[in-house]
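Shown next, in structure tokens, is the structure this report addresses.
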Amino acid sequence: MVGGGEGAFIGAVHRIAGRLDDCYELVAASLSGNAQRAAASAAGLRLDPARSYADYQAMARVEAARADGIDAVAIVTPNYLHAPMATAFLEAGIHVICDKPLAISLAEGEALAALARRQNKVFALTHVYAGYPMVRHARAMVAAGEIGEVRLVQVEYAQDWLAEAANQSEEFQRNNWHNDPRRAGPNGCLGDIGSHAHHLAGYVSGIQPDQVLAELHAFTPNRVLDDHVQVMLRYPNGARGMLWSSQMATGCENGLRLRVFGTKASLSFDQENPNELWLTPQGGCAQRLTRGRVRSAAAVSATRVPSGHPEGYLEAFAQLYRDAAAQIHALDAGQTVPQSARDMPDVDDGVAGLRFMQAVMESHRQGSRWLKFA
Ligand SMILES: NC(=O)c1ccc[n+]([C@@H]2O[C@H](COP(=O)([O-])OP(=O)(O)OC[C@H]3O[C@@H](n4cnc5c(N)ncnc54)[C@H](O)[C@@H]3O)[C@@H](O)[C@H]2O)c1
């Protein structure tokens, strides 16, 4: 693991996810770029001090040279480090599991995708919501034509954590990396959660917008980057859509919601109730589909406990780790990747996300006009 030291958020979630299905063992890490903090964090996890590094480049080099060196690395650092770190590990011949957004520019992301292909390594991108069984079921239903041709895609990702008084302070804006273009990249809310909304919409609907009309906005005083995004979408098949994401949506905890409307029926998924999916046929009544009962291959292969027992965020994260492990085993053994492990978001999804974000920023810059980008 690189990043995820004491006090960090997502690293601990990755560690749980990696252990949940007994596919991984954490044996080496660069938990912080600061030597003292890296060592203290490694001691807290009872890691072998000889395999705790303060410098990720040294870690890639030394681990690649060891007979028992790491097979894969999890990159859980602020955004600006994803591309240089992934590059170092791919060049050392190590598979990569990286958090989103893939990089801080489209050029960086494209270079990373080309390198992963050249090195023939697995590159998992942890758009975690793609790990939910009911999201996979929805994706399979759309792909099988069960809702007809997709006509409308409506996705929203609403949070309110930035609206907390402490997070509105000048000090927070000055010190927090989410508001620092050098470390977060050229956008705030768009990359933090808009990137998830974009990925989820494409993952389930099976279509990608080719035109956007976008506005980025900051409600927070003194904030350099956006804390709110609204985008209208046009798709090559004539479908229309809307994406909005906000970290200033009062009262919303983690409100990621997707609705996909086809010519025969619509689907509705709410991340805060991930064990269910609503299907409403044209002219018919809404049906509540549940994780334990749908029994599709897509849902069954992404589930762990019996019908009626809730699963959630940690299992969704673990699913991506399980998919990545299956891909790594298959690739290293020269075998075909099993169908059940192919739904994992990868480096190409990251590039598509960066292309979308670039278009959103450009449309905003040009006074929120329609922009064709694909
Ligand atoms: N997939 C998701 O649902 C999800 C959720 C939250 C965050 N994220 C992403 O995860 C990443 C990390 O976010 P976070 O909230 O955990 O951030 P954080 O600030 O809580 O943690 C970042 C960690 O990276 C470490 N770090 C910084 N520079 C380093 C270096 N040079 N070498 C080694 N470690 C270094 C820090 O010490 C810290 O431990 C971000 O890219 C974010 O977008 C994804």
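Both ligands and their constituent atoms are indexed starting at 1 by order of listing. Quick caveat, the model's predicted, so the values are computed rather than measured.
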Open item on the list: Does the Lys NZ or Arg CZ of R139 fall within the cation-pi geometry relative to Y203 - under 6.0 Å from the ring centre and within 45° of the axis?
Closed with: yes
Task: Pairs where residues 96-127 contributes a residue and the test ring-ring contact (aromatic ring centres under 6.0 Å, His included) is met, not counting sequence neighbours - done: H127-H196, H127-H199
TODO: Determine the interplanar angle of the F317 and Y321 rings, folded into 0 to 90°, and report it as parallel if under 30°, tilted if 30 to 60°, perpendicular if over 60°.
DONE: tilted
TODO: Considering only NZ, NE, NH1 and NH2 on the basic side and carboxylate oxygens on the acidic side, decide whether R51 and D48 come within less than 4.0 Å.
DONE: no
Open item on the list: What does the 4.0 Å heavy-atom contact list look like for ligand 1?
Closed with: V2, G3, G4, G5, A8, F9, I10, S30, L31, S32, G33, V76, T77, P78, N79, L81, H82, M85, D99, K100, P101, T126, V128, W177, H196, Y313, F317
TODO: Could you verify whether a donor N or O on one side chain and an acceptor N or O on the other, from N254 and E272, lie under 3.5 Å apart?
DONE: no
Open item on the list: Taking R365 first and then E362, would you say they form a salt bridge - that is, a charged N and a carboxylate O separated by under 4.0 Å?
Closed with: yes
